[in-house]
Protein chains: 2
Amino acid sequence: MPSRDSSRRRRTSTDKEGAGHRSRDALRAAQMYYLQDLTMDAIARELRTSRSTVSRLLSLARQTGLVQISVNNPTERAPVLEQQIRRRFGVEAHVVPVADSVSDSEALERVAIQAARTISPLMDSNAIIGVAWGSTLSAVSHHLTRKDIHDSTIVQLNGAGNTQTTGITYASEILRRFGQAYGARVEQFPVPAFFDHAETKRAMWNERSVRRILDLQHRMTVAVFGVGSIDAGIPSHVYSGGYLDDEDLAQLAEDEVVGDVATMFFREDGSHRDILLNQRSTGPDLDRLREVRRRICVVSGETKINGLRGALAAGLATDLILDEASARRLVQLAADEQPGAPARLAGTSRADR
Amino acid sequence: MPSRDSSRRRRTSTDKEGAGHRSRDALRAAQMYYLQDLTMDAIARELRTSRSTVSRLLSLARQTGLVQISVNNPTERAPVLEQQIRRRFGVEAHVVPVADSVSDSEALERVAIQAARTISPLMDSNAIIGVAWGSTLSAVSHHLTRKDIHDSTIVQLNGAGNTQTTGITYASEILRRFGQAYGARVEQFPVPAFFDHAETKRAMWNERSVRRILDLQHRMTVAVFGVGSIDAGIPSHVYSGGYLDDEDLAQLAEDEVVGDVATMFFREDGSHRDILLNQRSTGPDLDRLREVRRRICVVSGETKINGLRGALAAGLATDLILDEASARRLVQLAADEQPGAPARLAGTSRADR
DNA sequence: CCCCTTTCTGCACGTTTGTGCAATCTGGTT
DNA sequence: AACCAGATTGCACAAACGTGCAGAAAGGGG
């Protein structure tokens, strides 16, 4: 190995160009590491820098989407659970492997990481991406990786007066992260989650500022949301965050509501007609939502199962990302209801481990 | 957390299904490692196995193409060299970063690894893939990663009587590896590289067994090849492997040949008319080759530059994978010839490091 | 020109990962 | 039943990797 210390500390002075030599080095390093299988140490020597810098360059390359790692789900022999869900509910399922023993919060975290990586490839240029808020989406938003697409817009799906800061990140924070990851404009929806009076909502819905958002929502090409479930052990913060008072909750019970998507409520069979609270909610009309091309639902935790079943019955999602335990439970319940179908369940829940 | 240790050592007895639980575990492990960022140790605990097994599962997952890692070359601000080559020669260039200080053989190895990974995404179902042989292709063949495509065929581009085992892997070995990686049928071309008499070739070309191969070559959708260069420092073994005698070499010189692709020769300007040896060579007609949709040329080493320039002049390739030094040299030479163009060369060769 | 703030770098350390080897397990055969 | 060949496992060790920290460089005002 020849001399190596001559041209060194200059480097940045030659640096002028926009993205800089940093990302160029990151590309080089990524190629050498992921395509040529060199060690970071070897790369460091070629790049005349330290191994730790290479480590950081690679980390940058992953972060900025220069490197894309995809785990291929060979569709034919896909895991049994995903096939079953697809068949029964007509949604593309992405089951996140999580052992039953991990805590709920860790499971959420892991579903969120995998969700963030699963949705990236679904995002395209010129998209209008509707994003809800809630603990699930918040977690997802933290793990998005950058993807360079152009002229896209992130639009908030439902209002969220952050009057009651419950500690979760604000809706605006979630949106900001999405916007940053995809280099997209962000359009907030500056209304409270619920109006007190349906008339106020009607009035607001005629305001130009609001109509602009509604129009964007109308032209959405992708929607990303979680679900709330009325009986969730850790109740969706819609139900516990002070948005609804006792009277509202009683009304929901009377209307047989099982859950919500973006603060729009529905029943176990998926119906949402005559649910009073929806008249005061700022979420998107569910019939309209169903027309969005790609509707991605992220769910973690068996406690949300009832809300999820309602959402599936309503046909709100085209893609479903959920943890393994919930997936199993979902299939199980469906089989119990409809025993005509091949009842290979006990076998199933073992086979896919 | 419920009981957990009941069903365990059974595992393989319940195992019957084709691919088995091994690849299923590999998929799970891959998801957890690459999509959820768990450590192998954590995965091992969830899978109830040892960390080393997880390491091996992941290695399997990468090997079998379950995990796909791609390094995204953001086309707009692509490395300068690749743009320049694209503009001047009309081929899609993939420049492999290799420091000038590494040995030729190591450079070849690294170009080969990256080439193998670069061509995988280009392979599709129902393809007919023509493959040449030589030290470059041999190196590439060692690093192919599996990709599940269906009903494809690998066809040998030119004959190679392995009468003279020079130590490099036989053509058949190269083909076998390609076939295995892509799950494709392999069609060998059982003729010597060169006939002694052109008439023998004509006769053979009417044999049914040969015609079948020629027909496949005619329907090729992808071709993969290196280049030979007459004056290569480490001469392509076509020129030194005993295939050609002194008289042949003299004839090549007289015909002003600079190099070959799949044992078909051409001149610096890309022409190949009236090159006598081509009448006795078993390689594909170059005019025909040019009609193949995707023609991938892999080159490592500046010594091949003359052959490469001829091949490019002949328009034999649509995609070019080459090491950085050669790429620089290529652009340099082109600029010298045609000084009208923006002569930003000194700057260039520095800027892209 | 100097000073302050921000960013970047290499080192050192602890963690994480790959792999040769011996022990074990599996399925098939005598 | 006993045996054997091949595959698979966990262990132990070495190699490779990530990151907090302190110092150095770069950029931005005054």
Side-chain angles (χ1 to χ4, degrees), chain A residues 1 4-64 66-67 69 71 110 113 143 145 353, chain B residues 5 7-64 66-67 69 71 106 110 113 143 145 353:
Chain A
M1 14 231 68
R4 58 169 67 178
D5 51 320
S6 48
S7 72
R8 159 74 161 302
R9 78 173 16 86
R10 184 107 316 92
R11 258 261 284 272
T12 44
S13 77
T14 194
D15 165 33
K16 199 119 201 189
E17 48 244 308
H21 70 134
R22 194 76 200 273
S23 74
R24 222 185 314 249
D25 278 355
L27 177 60
R28 280 178 76 88
Q31 293 184 147
M32 295 197 253
Y33 190 77
Y34 288 108
L35 300 182
Q36 301 178 17
D37 286 347
L38 297 192
T39 71
M40 295 186 181
D41 203 53
I43 297 171
R45 282 195 298 272
E46 296 208 1
L47 252 45
R48 295 211 166 72
T49 181
S50 73
R51 193 183 51 69
S52 19
T53 298
V54 174
S55 172
R56 287 187 264 253
L57 283 175
L58 289 174
S59 157
L60 180 79
R62 284 187 300 261
Q63 209 57 39
T64 57
L66 256 180
V67 173
I69 300 184
V71 174
R110 284 169 53 180
I113 300 183
H143 298 288
T145 52
R353 79 158 327 277
Chain B
D5 50 322
S7 69
R8 156 73 161 308
R9 83 169 15 83
R10 185 108 316 94
R11 260 254 285 272
T12 45
S13 78
T14 193
D15 166 32
K16 200 119 201 189
E17 49 244 307
H21 69 131
R22 195 79 201 275
S23 74
R24 225 189 306 255
D25 278 355
L27 177 60
R28 281 177 76 87
Q31 291 180 256
M32 295 197 254
Y33 191 78
Y34 288 108
L35 300 182
Q36 301 178 17
D37 285 347
L38 298 191
T39 72
M40 295 186 182
D41 202 53
I43 297 171
R45 281 195 298 272
E46 295 208 2
L47 253 46
R48 296 208 166 74
T49 182
S50 74
R51 195 185 51 68
S52 19
T53 297
V54 174
S55 172
R56 287 186 263 252
L57 282 175
L58 289 174
S59 159
L60 178 80
R62 285 186 298 261
Q63 209 56 39
T64 56
L66 255 180
V67 173
I69 301 183
V71 174
E106 195 191 337
R110 283 169 54 179
I113 300 183
H143 298 287
T145 53
R353 78 157 325 276

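Residues B:Thr53 and B:Ser50 bring a donor and an acceptor atom of their side chains to less than 3.5 Å of each other.
Scanning both residues, B:Ala29 and B:Leu47, for their nearest heavy atoms gives CB-CD2, 4.4 Å.
For C:dG10, the OP1/OP2 oxygens have a side-chain nitrogen or oxygen of A:Thr53 closer than 4.0 Å.
For the salt bridge (Lys or Arg N to Asp or Glu O under 4.0 Å) test, no residue two or more places apart in sequence or in another chain qualifies with B:Arg62.
When rounded to the nearest whole Å, the span between CZ of B:Arg48 and P of D:dG10 equals 13 Å. Rounded to a whole Å, the CG atom of A:Asp37 is 10 Å from the P atom of D:dC17.
Taken from CG in B:Asp41 to CZ in B:Arg51, the straight-line distance is 6.5 Å, to the nearest 0.5 Å.
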Begin from the C-alpha positions of A:Tyr33 and A:Leu57 and carry the test side chain to side chain contact (heavy atoms under 4.5 Å, CB included) through to its verdict.
CA-CA 11 Å; A:Tyr33 190 77; A:Leu57 283 175; over 6 Å; no
Let me have a per-nucleotide readout for nucleotides 11-21 of chain C, 5' to 3', with B, S or -, counting only protein heavy atoms under 4.0 Å.
BB---SBBBB-
